[in-house]
Amino acid sequence: MTENLSNERIQRVSKYLKNLFLDPNNYRFIDHEKHEQVSEEKVTDTRVQKAARLFIEGKNRENIRDLIASLKANGFLEVDVIQVQDLGDNRFKVLEGNRRVAALKCLQEDYDSGLPIGNLDPAIFKKVPFEIHEFDDRDKHLILMGLKHISGNKKWATFNQATLIYDYLKPYQPQSSESYVQKEEQLVGSLGITKHKLRAMQRVYNLILEYQKSDYSDQFESTMYGLFEEIIKKPTIRAWLDWDDDNYYPRNRANLDRIFSWISKTEERIHDDDELDDFDDPYEEFEPIITKSLEIRDLSLFINNEQALSVMEEERSLAQGLMASGTKDKQNYSQALSKLKDNITSLKSYQNLISSEDFDQLKEAKEQLYQLLPKQQLVDIEEGNFSVAFEYSISQHFSEISVESYKGISGLKLDSLNRINIFAGMNNSGKTSLLEAIYLLSIQNDISSFFKLAALKNKVLKLSTSWLNQELNSSIKVSGKFNNCKTQVEFSKFEAGNIDKREDYIASYSLISTIDQSSLPNTVHTYAHSPLIRENERVVKLCNSVFKSPYFYDPEDVMKEHTRAVEVKVKGRSLINIIVNFLKEIDSNIQNIRLVEHDEIRRFIVESSELSDKDLDITNYGEGLQRIWYIALSFAACSNGIICIDEFETAIHYSLLIKFTKFTQELAEEFNVQVFLTSHSKECIDAFLLNEYCNESISGFLLEKNGKEMSKKQVDGIRLLQLIESIDLDIRGATHG
């Protein structure tokens, strides 16, 4: 487009200075607090021109003193040609050269008042040279200014540059993505700037537009541009705002309002209203918590630490928030470590001065250093903030699942999935592995939950990086369709290229999730002695989900599930009450089950009419009752999601299976949960069909393994019941009678 501009027919003329009118919408001063957009027909209005001169000249001509001095000393030099737009009737609006025209007008007034104008020839006032561009193309006008003030040698402030770029691209936003990107390409080509710079300025400007629509809009000043730029530059803050980079829009409006309040003056109501007189202002004004761009960098270090953010807000101090987050301690540690390195370097340079008297002191320092060194780095990934893609309004759960590779399973596709899905088969047929693959698909890029499952399954209290390196060597790929959206997870182990501390490095792991074509990676780099490094923008789970096994459980997870079971009510009753009432059918002496905490130990206590003098821990009851309690407890926590139950019948007496399978189906329906379970028991599988509760919502799958190949046979619940009643079918692979 630059070439097109140079090829435009340009007319060179000279006119009286009075025929030149300043541009009242010049991007140089659009950020002035008193500036208002002026329509084209009012450009030549006397009052409008007076205001434009004031904006350009500044107080006492301070903005153009350099030009006035230059004109007085050197006269009028045509270094940069004044460029105008013809308004008709011998009137011309200045496109380029507004400052020079304003300076000439000031000097003409001085000349008319008898004041000296130095070496400037007064004839210039009657014959100002300029070029008329004979086009009305708005885009070309903007590019003309951009060439000079964005990529040229007379740059505007960054806010003004960003405004021009936004104005140029805004009309093309409603068009297709292809057309919009094409306009971006044309603009960066014309101005000679990078696409990265263009899009970075667009992000910042759109965030500023959000601020100008907020409750704090009256506080905006163009000097705040750096603050907004730093906010949008930080990946952790963008993720916290749930920034949509396709539409330049923050989806998390609550967090947006919150961060705006931190960079603005706020007013809070004084609580002791009774002490106020009628004419007192019941509100107190507070200064912004954050006022500098550098402070945004500190904020990004603990933006996902809600406790630290609350401290910062309560104390109205970024430093207090930083301290509460522990980040300050890390900085102090880094400084101490740096000093240690410097001191050791200094000591080495004086090594020849070491005497026998220093040995004890040096030996003690060596022992203290040795105690600081970790013997083996443990994998400790805290479960941080995550969002759930499908948490509410689920119309359909998994309709199909494909396991392309997971622990010996390859090319297995499941369809016709139902609310209750039963996997049966001989030992080592891959039932548990299939259940794990389905759970992995539900947690998406939550690599901490993936590692936790590996630890629980292998009964490892603390995962070490060396154990992970030995155990996790196979790639994983699982895909499916959930709520009519395609989804996939891929896990792989790899060796990263650009790694610091290469001698300590072990391996890297990548877990990439895809939901409806939107991919989110989560990468972990592990070291022998140093803490692992995690790289991810945000963690998103597909849906609420739990994995239940008779061989392991995480007490912390159980406590979270209990909390949800207490909070969530069904027809006026909490899930806890529903479960207790069911357990009363098994043991009529049970009156209640409550959670108690003593000496930081939390336990479930069973109140029983049989033991009125004391209450027993639930672990004093049979394994079957405990198993029913822990399975049922999890349904509220995985509402609108899935639950994976390995060896459903384990520890549960066969006489209870009809009741418990029906109760499981009722809970699944009540909380809109899809159930995947494995079973070795014909009695258990039969119980799901013989309890006469919604057999149409059941699908059965027989898994068979022949060498490395896995196959499956499936049958719906209604047909399965018919086969059980007619030929005593055993879905595990045998028939009786």
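What's counted below: heavy atoms across the whole structure, side chains too, no hydrogens, waters or symmetry copies. Residue numbers run from 1 in the order of the sequence given.
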- [ ] Test Phe260 against Tyr211 for ring pair (Phe, Tyr, Trp, His ring centres under 6.0 Å), laying out the working first.
- [x] CA-CA 7 Å; Phe260 283 170; Tyr211 186 80; 5.0 Å; yes
Open item on the list: Ring of Tyr16, cation from Lys18 - is the NZ or CZ under 6.0 Å from the centre and inside 45° of the axis?
Closed with: yes
TODO: Check for a donor-acceptor pair, side chain of Ser346 on one end and backbone N or O of Asp342 on the other, with a separation under 3.5 Å.
DONE: yes
Task: Ring centers of Phe92, Phe130 separated by less than 6.0 Å - done: yes
Open item on the list: With heavy-atom distances below 4.5 Å as the criterion, would you say the side chains of Leu256 and Leu207 are in contact?
Closed with: yes
Open item on the list: Under a 3.5 Å distance rule, please check whether Asp504 uses its side chain to pair with a backbone N or O of Ser530 as donor and acceptor.
Closed with: yes
- [ ] Kindly indicate whether the side chain of Ile263, heavy atoms from C-beta on, has any atom under 4.5 Å from the side chain of Thr291.
- [x] no
Task: Lys93 with Glu40: basic N within carboxylate O range, under 4.0 Å - done: yes
Open item on the list: Is there a side-chain contact between Val540 and Val388 in this structure, where contact means two heavy atoms from C-beta onward sitting under 4.5 Å apart?
Closed with: no
- [ ] Look up atom CG in Asn445 and atom CG in Asn536, then write down how far apart they are to the nearest 0.5 Å.
- [x] 6.5 Å
Going by atom type alone, with no hydrogens or angles, which donor-acceptor pairs under 3.5 Å involve a side-chain atom of residues 118-129 and a protein atom two or more places apart or on another chain?
unit_1, atom_1, unit_2, atom_2, d
Asn119, ND2, Ala73, O, 2.9
Asp121, OD1, Ala123, N, 3.0

Task: Partner residues of Trp243 under the ring pair (Phe, Tyr, Trp, His ring centres under 6.0 Å) criterion, sequence neighbours left out - done: none
